Protein chains: 2
Amino acid sequence: MRRRRVTISDVADRLGLTKSTVSRALNGYDDIAEGTRRRVEKMARRMGYRPLSHAQAIRTGRTRSLGLVLQTDVHDAHRPFLADFLAGLTGEASGEGWALTVASAEGEAGMLATLERLIEEHKADGFILPRTRVRDPRVELLRAAGVPFVLYGRTGDPQGCAWYDILGEEAMRAAVLRLAGHGHRRIGYVGGGAGMNYALLRRAGYLAGLGEAGLAADPALMCHGAVTPEEGRAATEALLELDRPPTAIVFAVDMAALGAYDAAARFGLGIGRELSVIGYDGIPEGAWARPGLTTYHVDSRRAGARLAHLLIARIRGVAPEQLRELEPARLLRRQSDAPPVLASAGLAERIAANNT
Amino acid sequence: MRRRRVTISDVADRLGLTKSTVSRALNGYDDIAEGTRRRVEKMARRMGYRPLSHAQAIRTGRTRSLGLVLQTDVHDAHRPFLADFLAGLTGEASGEGWALTVASAEGEAGMLATLERLIEEHKADGFILPRTRVRDPRVELLRAAGVPFVLYGRTGDPQGCAWYDILGEEAMRAAVLRLAGHGHRRIGYVGGGAGMNYALLRRAGYLAGLGEAGLAADPALMCHGAVTPEEGRAATEALLELDRPPTAIVFAVDMAALGAYDAAARFGLGIGRELSVIGYDGIPEGAWARPGLTTYHVDSRRAGARLAHLLIARIRGVAPEQLRELEPARLLRRQSDAPPVLASAGLAERIAANNT
DNA sequence: CTCGCTTCCGAAACCGGTTTCGGCAAGAGC
DNA sequence: GCTCTTGCCGAAACCGGTTTCGGAAGCGAG
C-alpha cells in the first residue's frame, strides 16, 4: 500500500521543466534563473521530494555517509560511552543530511580488511578512526587509498591527518599537581596500552606535572600497559611492594584504576586514605566504586559531534591541517584522592606487615 | 592515485560477454549456461569485482543495509551493551554482505520523524527496533509503511511482528524461587519503565514465582517504574518502611537495584545480609558494587547477531510468524542474595531504630 | 527436411539522479 | 539592422548496475 516515492521527474513534469533543470536548480548551478530556482525549490518542498542519496552517489561518487569501524576484541574505555559517541556523530551528521555506516572487525587484520571492503564497496565517503596508535596502519591504508578520514586522537605521523582529541596529557599533569597539592611526595604512574598514542601523551603529561611540582621522576614508580582491572591490580601491587612505595598513583585509564581497589584491599589500605588514586576516562563504574573514583571525564557526545563536523568538512575538501581540534577533559572530584595519612616509609611498613 | 574500481562492464569486456549476461550469471538467473556462470564467477573473483550496493539499489530498491535508530534521551540499561550489540549486528550483517546504518533521535516524536526520513530516503531496507513498548508507535509506523522490521523485545499487538527476546519473565520467576529457597518469605518487587513491554512480562514472572513458591502476592510489596539508581533507592526505602518489610527484593532492572545499596546503607542494613537483592541486565556496574550484585545477564552480542539474521530473512520475504525467537537469561551468582539474617518483624524493628 | 521447442545470450530499456553540450532568444554593441 | 554576447533551459549522455525482450543456435520429433 506504500505510495511511490516522488522522483525528480515528477517535480519536473509538474513544473513543465526537464529533470536536468530541476537538478541544477536544486544543486546551486548558476545557469538557472533566480525565479525558476525559487519555483523549483518551492515545488520540491511542496511535493516532499527528497533525492535518493544512493541514486546521486552513482554519478557523483558521494554516498553522503560517514564510516565507522568498531574493533570488537578490545574492551576499551570507549565502550560505555559508545552510545553518547554515536549520538554525537549521528546527531551532527543527520543535521547535514548525512548518515552513519557502522561495521565491526576483530583484530588489526580484520580491521584493515573491513576498511578495504567498505572503501571498495564505497559504503562511506570518509571514516572516523577512534583509538589511534602511534603508528596506525589504518591511517596508512586510508592515506594510500586517498580516502578522507579524521582521527579521534592524535598519531605519530600527522601528515594529512585531521583530528579531534582530548588533552589527556593536561589531565595527567593536573592530576599530579592536585596530588602534590594534597602533600603527596611519591606519586606513581600506571600507563595505558602499548602502542596507543594516548599512552605516550599521558605519560609525558605525568612527567610534566612532576617537574612542575618540583618532584623528581623515579622510573621505578612508573608502570605501563595496564588497561584492565586485573592489570591495574598487578601494577598497583608491584608499586606498593617497592621499598619506598608511592602514596598516590595516577592511572592513564579508569579500568586499571579500579584494580587499585583490589590491591589496596589486599594490603589493608584505604583508598583515599593510605593510598590516593586518580583515573582518567570517567567510566560509570567509577561512580559505583567505594570510595568513588576521582577521575577526568571526556564528553563523548561532543567528541562525536565535532568529529562528524570535521570529517564532513574534510570530505568537502578542506585541508586536514585546518581541521584539528583539542579540548580539555573535566575533573570529576570524588573520594579516591586526599592528603596522605601515612608517608612512604610508614606505608611500606604497613604493607610489609599485611603482605601475606 | 586511487585506481578505478572494476565495474561489471570491465568483467564483461574481459570475457567477451555483455554486462547483462554477467549480471544474470552472478545473480543466479537460470537462463545462463552452467559453464558460462562458472567462467563469470571465476573472472569476477580474479578481477576483484564487487558490485556497488547503491548502484544495485537504484534498480532493485534494495540497499542491503539494516537500519537502527538509537534514542539518545533515555539512559537505559542497553547502553553499556551497545558495543556488544552492534558487534553482533554488524558481524552477522557483514557476513551476508549487508551494512548497518545508524541514526539517533530525541524523544518519541524525533524517533518517528527520523524513521520516516530514513524510510523516505531509503537508507535501509528494514529496521531493528529495540526497547519495545506495549503499544509501540514505531511498529505502527513501519507496519503502515510496509517496511520490514524486527523487534528486540515483544509488544502488545504481535500482528506482523518478528522478534528476538530474552525471557525476562523466566528470570524474575527464577529469582523469586531462588530467594524462597534461601528461606525468604516476604519478597518485594521493583518493576521497570512504564509502558515498556518487558515491565509487564517481568511483573508476571515475579507473580508466577511467588505462586510457585507457595507465597501470597502482596500488592504492598510491589513498586513500579524504577529504572535509575535514584528511583530504585526511593522504591527500596518505601518498601523497607512498611510495617512488614520484605527481606528480599527482586528488581526488574539492575540500575534500580544499585539504588538499593544506598537505601540499605541509610538504614544500616547489609546487602546480602539483612536485605537480599537480585537484579536483571548484568550491567558492569553491578560487578563493582560491594557486595557484588546477583543478577541475570543478557548476551547482547548474540541478540544483535540473531536480530540481524531475522531481519535479513524478513526483508527477503519470510513470514514474520516464523521469525520469533526467545532465549533465557543467564544467572550471575554474586553476593547480594543470601538467607535472611532477620525475619520481617526483626527487620522492621532494626529499620525503625535506624530511621533518622 | 521442416517445424517447434529449448537453451542461452545480446540489445536495449530502465532505475533516479548528475553533468555536458548545444541552441534559442533577448539584450548589448556598433 | 546586423552581429556578438549572455542568460537560460532542453536534449542527451552518463553513472553502474538490473531486467525485459527477442532472436540465433541447437536439438528432437514427425
Side-chain angles (χ1 to χ4, degrees), chain A residues 2-41 43-44 47-65 97 99 119-123 125 316, chain B residues 2-41 43-44 47-65 97 99 119-123 125 316:
Chain A
R2 73 177 84 170
R3 66 195 184 292
R4 225 175 52 75
R5 287 191 69 264
V6 11
T7 72
I8 196 170
S9 301
D10 297 335
V11 178
D13 290 351
R14 188 72 163 272
L15 287 164
L17 296 170
T18 61
K19 60 177 186 171
S20 70
T21 303
V22 172
S23 172
R24 277 171 300 164
L26 258 23
N27 290 322
Y29 278 64
D30 59 1
D31 63 347
I32 299 293
E34 193 49 37
T36 307
R37 180 193 312 284
R38 271 200 296 272
R39 276 203 311 143
V40 169
E41 282 171 352
M43 180 59 77
M47 297 178 70
Y49 167 68
R50 290 168 132 1
L52 236 39
S53 68
H54 53 262
Q56 312 188 96
I58 146 179
R59 185 73 220 256
T60 63
R62 290 274 174 81
T63 313
R64 282 223 314 276
S65 137
I119 294 171
E120 191 66 39
E121 298 182 1
H122 211 113
K123 291 283 192 189
D125 299 327
R316 288 187 174 145
Chain B
R2 72 178 86 169
R3 64 196 185 292
R4 223 174 54 73
R5 286 189 70 263
V6 11
T7 72
I8 196 172
S9 301
D10 296 336
V11 178
D13 290 352
R14 188 71 164 273
L15 287 164
L17 296 170
T18 61
K19 59 178 188 171
S20 71
T21 303
V22 173
S23 173
R24 277 171 300 163
L26 258 22
N27 290 323
Y29 279 64
D30 59 2
D31 63 346
I32 299 293
E34 193 48 38
T36 306
R37 181 193 313 284
R38 272 201 296 272
R39 277 205 310 142
V40 169
E41 282 171 352
M43 180 58 78
M47 296 177 71
Y49 167 68
R50 290 168 138 351
L52 236 38
S53 68
H54 54 262
Q56 311 189 95
I58 145 178
R59 184 73 220 253
T60 62
R62 290 276 174 81
T63 312
R64 281 225 314 277
S65 136
I119 293 171
E120 191 66 38
E121 299 183 0
H122 211 112
K123 290 286 191 187
D125 299 327
R316 288 187 174 144

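A, B, ... follow the sequence lines: proteins, then strands. Residue 1 opens every chain. Computed from a predicted structure; not experimentally measured.
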Side-chain atoms of residues 6-13 of chain A: list all donor-acceptor pairs with protein atoms under 3.5 Å, sequence neighbours left out, distances to 0.1 Å.
residue: A:T7; atom: OG1; partner: A:S9; partner atom: N; Å: 3.2
residue: A:T7; atom: OG1; partner: A:D10; partner atom: N; Å: 3.3
residue: A:D10; atom: OD2; partner: A:R4; partner atom: NH2; Å: 3.3
residue: A:D10; atom: OD2; partner: A:T7; partner atom: N; Å: 2.9

Sequence neighbours excluded, the answer for side chain to side chain donor-acceptor pair (under 3.5 Å) partners of A:T36 is none

One would report the end-axis bend of the helix from C:dC1-D:dG30 to C:dC30-D:dG1, five pairs per end and rounded to 10 degrees, as 50°

Report all interatomic pairs (protein N or O, nucleotide N or O of nucleotides 7-9 of chain D) with separations under 3.5 Å.
residue: D:dC9; atom: OP1; partner: A:T36; partner atom: OG1; Å: 2.5
residue: D:dC9; atom: OP2; partner: A:A33; partner atom: N; Å: 2.9
residue: D:dC9; atom: OP2; partner: A:T36; partner atom: OG1; Å: 3.3
residue: D:dC9; atom: N4; partner: A:D31; partner atom: OD2; Å: 3.0

Sorted by chain and number, sequence neighbours left out, side-chain contact (heavy atoms from CB on, under 4.5 Å) with B:R50 holds for A:R117, A:E120, A:E121, B:R5

Q. Under 4.0 angstrom, heavy atoms only, what part of the nucleic acid is A:T60 near: base, sugar-phosphate, or nothing?
A. sugar-phosphate

query = Does any N or O in the side chain of A:T60 come within less than 3.5 Å of the main-chain N or O of A:R62, such that one atom is a donor and the other an acceptor?
reply = yes

- Query: With a 4.0 Å cut-off on heavy atoms, is B:S20 in touch with a base, just the backbone sugar-phosphate, or nothing at all?
  - Reply: base

side-chain contact (heavy atoms from CB on, under 4.5 Å) filter on B:R24, not counting sequence neighbours, yields B:S20, B:T21, B:Y29, B:D31, B:I32

DNA chain C: first to last nucleotide in contact with chain B (atom under 4.0 angstrom from a heavy atom), 5' to 3', is C:dC8 to C:dG16

Notebook entry, point to check: With side chains defined as the heavy atoms from C-beta onward, is the minimum distance between A:V40 and A:L15 less than 4.5 Å?
Noted result: yes

NE2 of B:H54 to OG of A:S53, rounded to nearest 0.5 Å, is 9.0 Å

(Q) Within the supplied structure, the quantity of interest is the number of heavy atoms (other residues, nucleotides, ligands) at a distance under 6.0 Å from B:R14 CZ; does it exceed 12? (A) no

By side-chain contact (heavy atoms from CB on, under 4.5 Å), B:R59 pairs with (sequence neighbours left out) none

Per the under-4.0 Å heavy-atom filter, residues of residues 51-59 of chain A near DNA chain D come out as A:I58, A:R59

Residues at least two apart in sequence or cross-chain that pass salt bridge (charged side-chain N to carboxylate O under 4.0 Å, His left out) with B:R39, listed by chain then number, are none

Taking every heavy atom of B:A25 against every heavy atom of B:R37, the minimum-distance pair comes out as O-NH1, 3.1 Å

Taken in chain and number order and not counting sequence neighbours, the residues that satisfy side-chain contact (heavy atoms from CB on, under 4.5 Å) with A:R38 are A:E34

Original post:
Within the side chain of A:H122, is there an N or O that forms a donor-acceptor pair under 3.5 Å with the backbone of B:L52?
Top reply: no

